Amino acid sequence: MDVSTILEGLNPAQRDAVSCDEQSMLVLAGAGSGKTRVLVHRIAWLMQVKSVSPSNIMAVTFTNKAAKEMRSRISGLLQFETKGMWVGTFHGLAHRLLKSHWNDAGLSENFQILDSDDQLRVLKRLIKEHQLDENRFTPKAIQWYINEQKDEGRRAKHIDDRNDPYEKTLIKIYSEYEKSCERSSHVDFGELLLRAHEIWLKKPDILEHYQDRFKYILVDEFQDTNTIQYAWLRLLAGNKTSLMVVGDDDQSIYGWRGAKIENIQQFSNDFPSTEIIKLEQNYRSTSLILEAANAVIANNPGRLGKNLWTDGERGKPLCLYAGFNEQDEARFIIERIKSHVGDDTLLSEQAVLYRSNAQSRVIEEELIRNGVAYRIYGGQRFYDRLEIKNGVAYMRLAYARNDDAAFERIINTPSRGIGHKTVEILRIRAKEDNSSLWSAAEALIAESKLTRRASSALQNFLDMILQFCAASKNLDLDGFSEHVIDKSGLIDFHGKEAGEKGLARVENLQELINATRQFEAEDENNILREFLDTAALDAGEQQADEHSDAVQLMTLHSAKGLEFPIVYLAGVEENLFPHKMSIEEPGRLEEERRLCYVGITRAKLHLYLTYAEMRRWYGQETYNSVSRFVREIPSDCINEVRINNNVSRPLSAGFSNSTLNEGSGSGLHLGQRVNHAIFGDGVILNIEGQDSNARVQVNFDNAGSKWLVASFANLKPI
DNA sequence: TAGGCTGGCGTTTTT
DNA sequence: CGCCAGCCTA
């Protein structure tokens, strides 16, 4: 491959970015502007034209999925190995670093990763142990606090208590939590980053080694970096490394979990000679969709400023539908989905996006009723499922006996007669000895400090784990996992659970064995450790049904980075989107608007916006007006669509309330038999709304059940 | 120790 | 309204 191939097909701005010689570059990449393409081609350029060795390159992403995709696109483009290149998430790379330098990092060699669920359990225990007021110190609040401190790079000892008793207690628990992690060799997600940062501060020779090694660092989704991630990057980059960060301030939607949009501004201060390149040409959407997106985001103050444009088609106007209620909204969406299928659009080319997960239920129900296949993104990840966590906990304990989180999780799962009482005694002893629960158990049995029954139950448990430990050394990973899941009794335990749930859990456990079978280790001698790390750091692809044709359902947050020919943005209402919480808190509205911008720019060809005039929300009837974001879209970009006819009218016309005949006041009532000119005779099952918005559900004798707009259906009572 | 009941709570999500 | 955690009872 020569130089021209690498730059071929790129626009001038993309070429500038790919071939730039400046030491630091900030690429402001608008939605759909070929950001990943630029990153991948940049790496190709470095290797092919600049003869940079892959081992001198580091590429950082936020998700494992993005890392995986980047790696595969690089090897696809270059047709040779990317071996030696560090491509991964911030957490993944930090973890790799700590594994290499565990001793300098002050860790034990076999340290394990504590995920947020385990973290919460540990905190609950600490709250009880320290007898805190459970109303003021909820586990969630403390977890939030600790993670926030770590994301800001602060340890308990660094925090100023400002003489505030509440803060004092929080710091105390933070510090107790640090001790507990120390004892059981646990490192949580924030800790990975914090410790990786600290190791460079503490050990300049290690830092220097990596600074010499990584001559080129590339960062994706830079607007999502938090304080510690940016500090880590800055240290690593030093003043010799070439650093390219790619991001979009308009797509920063994770401020609420610590992402600092300011890092983008800060970047050009910290690296004064930074070359700023804007990618504004969009290859995804029609110009009308871009016009709408640009108009919405223009309302945000303090933007770095970008304007997306396309030389493609103007496209069709956006459609706005005002549903009477959320069921009506869902009905409209599914009706449109089916009609697009009629024009040769696949289901999988259509996505329904919403602000919060609670909205999905009504849409799902309508999809099911219509027999339309769908797939929900998000939800619980594979390795977060209860049964999987149980299975993995057995493997973890077999790998390291001092893993208290794993120990607590499975000591009585399935139940084996070791109750709370016994566990409590174990905890007290462990605390006295400053030892693991495992050692405490051994000690208490040896000293006959437990009742006969408890003692023998506990001994059986310990024996089982020791046997698993031996099995881990004698068997392949998949043989081991099969053995553990079988002998632990988890299959029976979960299989007994009521209904489909139990069945699904057994299937998931089988899937866990399957995952170990397919797992490929970098170092075969360390395969168990590597698998356990993956289980903690990687969500586990939900590959089921990925290839079947189905409508895609997801939140706006999970839609970031994806694109669909047809997008339905549901629930564009005040209080829902922008969300009530964000309206009330100052400064949060801008992020909601960016979320809206993300949503609009997912659509390639058609964009539908829908809302409900009345919505049942937490059991209450709520009446929200259309979202302010919709009103920020120029009215000539939008058509308001009415069901069952094609009359479009401008948004500003508002609703007429009195002209047409009504549902309840027109002689129609539930159970009434009626005649329709096309569908024939039927009986009224349901009436919703009044006046021009009334919808009537009629079960026709021959045509089945249909929802009709009363004002157009012209139903005649029989 | 399982299972039933109640009360509290209820954006967004990755690692 | 619906879910889940945690508590209480058989």
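Just so it is clear, the structure is predicted and the values come from calculations on it, not from any experiment. Both backbone and side-chain heavy atoms feed into the values below; hydrogens, waters and symmetry mates do not. Throughout, a chain's letter reflects where its sequence line sits, starting with A, and its residues are numbered from 1.
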Exercise. DNA chain B: A:Trp144 or A:Asp384, which has the more 5' nearest nucleotide?
Worked result: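 Its nearest nucleotide being more 5', the pick is A:Trp144.
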Problem set entry | Of A:Phe90 and A:Leu595, the one whose closest DNA chain B nucleotide lies more 5' |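 Taking each residue's closest nucleotide, the earlier one in sequence belongs to A:Leu595.
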Is the shortest side-chain N/O distance from [X] to OP1 or OP2 of [N] below 4.0 Å?
X: A:Asn357; N: B:dG10; value: no
X: A:Ser558; N: B:dT12; value: no
X: A:Asn64; N: B:dT15; value: yes

Partner residues of [X] under the side-chain contact (heavy atoms from CB on, under 4.5 Å) criterion, sequence neighbours left out:
X: A:Arg452; result: none
X: A:Ala94; result: A:Leu192, A:Leu193, A:Ala196
X: A:Ala535; result: A:Tyr383, A:Val392
X: A:Glu424; result: A:Arg427, A:Ile428

Nearest-Å distance for atom pair [atom1]/[atom2], residues [X] and [N]:
X: A:Ile253; N: B:dT13; atom1: CD1; atom2: P; result: 9 Å
X: A:Ile228; N: B:dT15; atom1: CD1; atom2: P; result: 19 Å
X: A:Arg257; N: B:dT11; atom1: CZ; atom2: P; result: 17 Å
X: A:Leu589; N: B:dT12; atom1: CG; atom2: P; result: 18 Å
X: A:Arg594; N: B:dT11; atom1: CZ; atom2: C1'; result: 16 Å
X: A:Asp115; N: B:dT15; atom1: CG; atom2: C1'; result: 10 Å
X: A:Leu556; N: B:dT13; atom1: CG; atom2: P; result: 10 Å
X: A:Lys140; N: B:dT11; atom1: NZ; atom2: C1'; result: 14 Å

Problem set entry | By salt bridge (Lys or Arg N to Asp or Glu O under 4.0 Å) - contacts of A:Arg593 (at least two apart) |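 With neighbours one apart ignored, the set is A:Glu632.
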For this session: For residues 107-132 of chain A, pull every pair meeting ring pair (Phe, Tyr, Trp, His ring centres under 6.0 Å), keeping only residues two or more places apart or in separate chains.
Result: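 For residues 107-132 of chain A: A:His95-A:Phe111.
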Exercise. Using Watson-Crick and G-U wobble pairs with both distances under 3.5 Å, what is the 5'-to-3' dot-bracket string of DNA chain C, with [ ] for crossing pairs and | for pairs outside the strand?
Worked result: ||||||||||
Exercise. Checking salt bridge (charged side-chain N to carboxylate O under 4.0 Å, His left out) against A:Arg396, which of A:Asp404, A:Asp403, A:Asp115 comes through?
Worked result: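 It is A:Asp403; the other options fail the test.
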For this session: Quick one: sort the A:Phe214 and A:Tyr210 rings into parallel, tilted or perpendicular, breaks at 30° and 60°.
Result: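 Correct class here is parallel.
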Exercise. Centres of the A:Phe137 and A:Tyr145 rings: under 6.0 Å?
Worked result: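 Judged by ring-centre distance (under 6.0 Å), A:Phe137 and A:Tyr145 do not meet the cut-off.
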Exercise. Taking atom types as modelled, is there a side-chain donor on A:Asn147 or A:Gln119 under 3.5 Å from an acceptor on the other?
Worked result: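 Their side chains do contain a donor-acceptor pair, which is all the 3.5 Å distance test asks for.
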Exercise. Can A:Tyr174 and A:Gln149 be counted as having a side-chain donor-acceptor contact under 3.5 angstrom?
Worked result: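 Looking only at side-chain atoms, A:Gln149 and A:Tyr174 do not form any donor-acceptor pair under 3.5 Å.
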Exercise. So, do A:Tyr254 and B:dT13 meet the stacking rule of ring centres under 5.5 Å and planes under 30°?
Worked result: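 No, aromatic ring not over the base.
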Exercise. Taking the chi torsion of B:dT11, is it syn (within 90° of 0) or anti (everything else)?
Worked result: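 Syn, since the glycosidic angle lies within 90° of 0.
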For this session: Tell me, please, which residues at least two apart from A:Tyr230 pass ring-ring contact (aromatic ring centres under 6.0 Å, His included).
Result: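 If we apply the ring-ring contact (aromatic ring centres under 6.0 Å, His included) test to A:Tyr230, skipping adjacent residues, the hits are A:Phe222.
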For this session: With the side chain of A:Trp256 defined as its heavy atoms from C-beta on, choose the nearest nucleotide among B:dT15, B:dT11, B:dT12.
Result: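 Closest of the options to the side chain of A:Trp256: B:dT12.
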Problem set entry | Derivation of the side-chain hydrogen bond (donor to acceptor under 3.5 Å, both in side chains) call for A:His186 and A:Ser184 | CA-CA 6 Å; A:His186 281 141; A:Ser184 42; 3.0 Å; yes
Problem set entry | DNA chain B-proximal residues of residues 574-583 of chain A, any heavy atom under 4.0 Å |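 Contacts with DNA chain B under 4.0 Å: A:His579, A:Met581, A:Ser582.
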For this session: Take nucleotides 1-10 of chain C nucleotide by nucleotide from the 5' end and write B, S or -, depending on whether a protein heavy atom sits under 4.0 Å from the base, only from the sugar-phosphate, or from neither.
Result: BS---S----
Atom pairs, N/O to N/O, protein against nucleotides 1-5 of chain B, distance under 3.5 Å?
| unit_1 | atom_1 | unit_2 | atom_2 | d |
| --- | --- | --- | --- | --- |
| B:dA2 | OP1 | A:Ser415 | OG | 3.0 |

Exercise. With a non-hydrogen cut-off below 4.0 angstrom, is A:Glu592 in contact with a base, only sugar-phosphate, or nothing?
Worked result: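 Contact class for A:Glu592: base.
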Exercise. What does A:Asp188 touch in the nucleic acid at a heavy-atom separation under 4.0 angstrom: a base, only the sugar-phosphate, or nothing?
Worked result: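 If one applies the 4.0 Å heavy-atom cut-off, A:Asp188 turns out to touch nothing in the nucleic acid.
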For this session: Answer yes or no: is there an ion pair linking A:Glu198 with A:Arg195, defined by an N-O contact shorter than 4.0 Å?
Result: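 Looking at A:Glu198 and A:Arg195, the cut-off is not met.
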Exercise. Say you pick atom P in B:dT13 and the same atom in C:dC4; how far apart are they, in whole Å?
Worked result: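 It comes out at 16 Å once rounded to the nearest Å.
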Problem set entry | P spacing across the pair B:dT12 / C:dC3, given as an integer number of angstrom |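 Going atom to atom, P in each nucleotide, I get 15 Å.
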Exercise. Listed by chain and number, what are the side-chain hydrogen bond (donor to acceptor under 3.5 Å, both in side chains) partners of A:Arg416, not counting sequence neighbours?
Worked result: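 A:Arg416: side-chain hydrogen bond (donor to acceptor under 3.5 Å, both in side chains) contacts with A:Tyr394.
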